[in-house]
Amino acid sequence: MIKNFVEELQWRGMIHDTMPGAEDHLMETMRSAYVGFDPTADSLHIGNLVPIMLLAHYQRCGHKPFALVGGATGMIGDPSGKSSERNLLDEKTLRHNQEAIKKQLAHFLDFESDVPNSAELVNNYDWMKEFSFLEFIRDVGKHITVNYMMAKDSVKNRISSESTDGMSFTEFTYQLVQGYDFLHLYRENNCSIQMGGSDQWGNITTGTELIRRIAQGKGYAITCPLITKSDGSKFGKSEGGNVWLDANRTSPYKFYQYWLNSSDEDAEKYIKIFTFLTEKEINTILKEHQEDPGFRMLQKRLAEEITTMVHSKEDFENAVKASKILFSKTFKDDIVTLDEKTFFDVFEGVKQAEISKSDFDDGIDMIGALSALTNFLNSNGDARRALKENAIAVNKVKVKEDYKLSEEDLLNGKYIILSRGKKTNFILKVI
């Protein structure tokens, strides 16, 4: 059964622009649509989640989604929203990245079942690699004027007087290559809709123009808004750079924390865009959140839904445990269950000192551990005072001046957490 895709996007705040007639076109029968993904890395990041969710909702509404990996366009670079050109990739790297991206998309899209609207992954390199330059300018280039291409914002912005770099011919032709993708998928896969971020409107409409002029057909564009944060900072970035979907690049703990730390205003927007919760479910969560904003019900549910979807239920549960670990009554038992990456994510920014195993085995008293050996505290005097005030803990357990560090204190065989008060921590690593 076909559901109203445009209506679904509208209440979620996921529509920026649609071509006239797109909604009626979608309500008539099952339609195919595609979204392009840049394969320059072997992982997508949360900036890609909006187009991924577009395809996921599209499939759930009864339509057929195509994910296009831009192997050919990835070798060029897209001028829209970019101030400089990309690095160009070789074919082996592109194929590796394509497989990694498909695995991530499979968390959201059904590629496997034999239903008519199962998702498909395509790579534009497959149909562009045999296309000679002369054939391309003869069969495609002659249908689009330079005036038409120059009128696009993505081109105008790059060749304006404010841009010192200008724009290469390679990048200038990008919209023709992307436009040809749409024409190719229209002819070969009956794909009549392209979706993307609002900055892609110019490139998408070049495709609809080629479909009209070369295939005498009708293509449609649907774009979603570019996500912004209420404080003006860039969505999808943390202090360490991109927030990736790959657990090796961004741990599930840091991924979870990113969503958990959303402001109320952002979380209210994100829960509609980045989850499959219904309008009724979201309204109930918002009502509960407004009754007790301090509990952060909204952020917790958002972080749960999206961490479980991108990673797994188990990764979500471990991320919650890691988030509470500093205040856990069973700290030592809990901390050893974390993998090393998550361990360092929990203690991000915490200073460290290393001591040799032989020095450690000779026995280390607390004064030395706190000052001379680590510089955690400024002096032996500071260390004594803190110990007398009962402010020092080893692995979150309070200790006195006569305590000696031993093998039993080592977490995972090499770490000890020293703390002064509740918030100041230090990592001692035995090597």
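Nothing here was measured: the structure is a model prediction, and the numbers come from that model. Quick note: numbers below take in every heavy atom, side chains included, and nothing from hydrogens, waters or symmetry partners.
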Between Phe274 and Phe235, how do the two ring planes meet: parallel, tilted or perpendicular, split at 30° and 60°?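 If you compare the ring of Phe274 with that of Phe235, the planes turn out parallel.
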Aromatic rings His184 and Trp127: how do their planes relate, parallel, tilted or perpendicular, breaks at 30° and 60°?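 The arrangement is parallel - the two ring planes meet at less than 30°.
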Which atom of [X] lies closest to which atom of [Y], heavy atoms considered:
{"X": "Met366", "Y": "Leu387", "value": "CB-CD1, 4.0 Å"}
{"X": "Leu105", "Y": "Ala67", "value": "CD1-CB, 3.6 Å"}
{"X": "Met27", "Y": "Asn4", "value": "SD-CA, 3.6 Å"}
{"X": "Leu338", "Y": "Ala322", "value": "CD2-CB, 3.9 Å"}
{"X": "Val35", "Y": "Pro51", "value": "CG1-CB, 3.5 Å"}
{"X": "Thr208", "Y": "Met19", "value": "OG1-CE, 3.4 Å"}

salt_bridge([X], [Y]) N-O dist < 4.0 Å:
{"X": "Arg249", "Y": "Asp42", "result": "yes"}
{"X": "Glu281", "Y": "Arg301", "result": "no"}
{"X": "Arg385", "Y": "Glu389", "result": "no"}
{"X": "Arg95", "Y": "Asp126", "result": "yes"}
{"X": "Glu265", "Y": "Lys269", "result": "no"}
{"X": "Lys102", "Y": "Glu99", "result": "no"}

Step-by-step side chain to side chain contact (heavy atoms under 4.5 Å, CB included) determination, Gln352 to Phe344: CA-CA 11 Å; Gln352 294 184 48; Phe344 280 110; 3.4 Å; yes
So, does [X] use its side chain to make a donor-acceptor pair with the main chain of [Y] at under 3.5 Å?
{"X": "Gln59", "Y": "Asp110", "answer": "yes"}
{"X": "Asn242", "Y": "Trp244", "answer": "no"}
{"X": "Asp24", "Y": "Gly21", "answer": "no"}
{"X": "Thr308", "Y": "Lys313", "answer": "no"}
{"X": "Tyr58", "Y": "Tyr34", "answer": "no"}
{"X": "Thr275", "Y": "Ile271", "answer": "yes"}
{"X": "Asp17", "Y": "Thr223", "answer": "no"}
{"X": "Ser118", "Y": "Asp114", "answer": "no"}
{"X": "Arg187", "Y": "Ala215", "answer": "no"}
{"X": "Arg12", "Y": "Ile273", "answer": "no"}

Report, as yes or no, whether the 6.0 Å neighbourhood of atom [atom1] on [X] holds more than 12 heavy atoms from other residues, nucleotides or ligands.
{"X": "Met150", "atom1": "CE", "answer": "no"}
{"X": "Glu314", "atom1": "CD", "answer": "no"}
{"X": "Asp264", "atom1": "CG", "answer": "yes"}
{"X": "Phe295", "atom1": "CZ", "answer": "no"}
{"X": "Glu112", "atom1": "CD", "answer": "no"}

Using a 4.5 Å cut-off on heavy atoms from C-beta on, say whether the side chain of [Y] contacts that of [X].
{"X": "Glu401", "Y": "Arg384", "result": "yes"}
{"X": "Gln194", "Y": "Asn203", "result": "no"}
{"X": "His57", "Y": "Met14", "result": "yes"}
{"X": "Ser32", "Y": "Asn189", "result": "no"}
{"X": "Leu428", "Y": "Leu405", "result": "yes"}
{"X": "Asp315", "Y": "Tyr256", "result": "no"}
{"X": "Cys224", "Y": "Met195", "result": "no"}
{"X": "Ile46", "Y": "Phe255", "result": "yes"}

Kindly compute the distance separating [atom1] ([X]) from [atom2] ([Y]), expressed to the nearest 0.5 Å.
{"X": "Phe331", "Y": "Leu326", "atom1": "CZ", "atom2": "CG", "value": "6.5 Å"}
{"X": "Ile325", "Y": "Thr337", "atom1": "CD1", "atom2": "OG1", "value": "5.5 Å"}
{"X": "Lys329", "Y": "Lys396", "atom1": "NZ", "atom2": "NZ", "value": "13.0 Å"}
{"X": "Ile144", "Y": "Thr173", "atom1": "CD1", "atom2": "OG1", "value": "13.0 Å"}
{"X": "Leu185", "Y": "Ile211", "atom1": "CG", "atom2": "CD1", "value": "9.0 Å"}
{"X": "Leu68", "Y": "Gln178", "atom1": "CG", "atom2": "CD", "value": "8.5 Å"}

For the residue pair [Y] / [X], report whether a side-chain donor-acceptor contact shorter than 3.5 Å exists.
{"X": "Ser419", "Y": "Asn425", "value": "yes"}
{"X": "Gln104", "Y": "Ser43", "value": "yes"}
{"X": "Tyr270", "Y": "Glu305", "value": "no"}
{"X": "Lys152", "Y": "Thr205", "value": "yes"}

Might you work through the side chain to side chain contact (heavy atoms under 4.5 Å, CB included) test for Val155 and Gln175, ending with a clear yes or no? CA-CA 9 Å; Val155 174; Gln175 60 170 295; 3.6 Å; yes
Lys332 vs Leu411, test: side chain to side chain contact (heavy atoms under 4.5 Å, CB included). Steps then yes/no. CA-CA 7 Å; Lys332 196 172 174 187; Leu411 305 170; 3.6 Å; yes
Intermediate values then yes/no, side chain to side chain contact (heavy atoms under 4.5 Å, CB included), Ser323 and Gln257: CA-CA 8 Å; Ser323 304; Gln257 286 288 322; 2.8 Å; yes
Could you give me the CA-CA distance, side-chain angles and deciding distance for Glu340 and Tyr415, then say whether side-chain hydrogen bond (donor to acceptor under 3.5 Å, both in side chains) is met? CA-CA 11 Å; Glu340 195 157 54; Tyr415 301 110; 2.3 Å; yes
Taking the six-membered ring of Tyr258 as reference, does the NZ or CZ atom of Lys254 fall below 6.0 Å from its centre and within a 45° cone about the axis?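 Ring-cation test returns no.
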Going by the side chain to side chain contact (heavy atoms under 4.5 Å, CB included) test, name the single residue among Arg60, Met30, His63 that passes it with Asn117.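 When side chain to side chain contact (heavy atoms under 4.5 Å, CB included) is applied between Asn117 and each of Arg60, Met30, His63, only Met30 qualifies.
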Under 6.0 Å between ring centres: does that hold for Phe182 and Tyr186?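 Ring-ring flag for Phe182/Tyr186: false, centres at least 6.0 Å apart.
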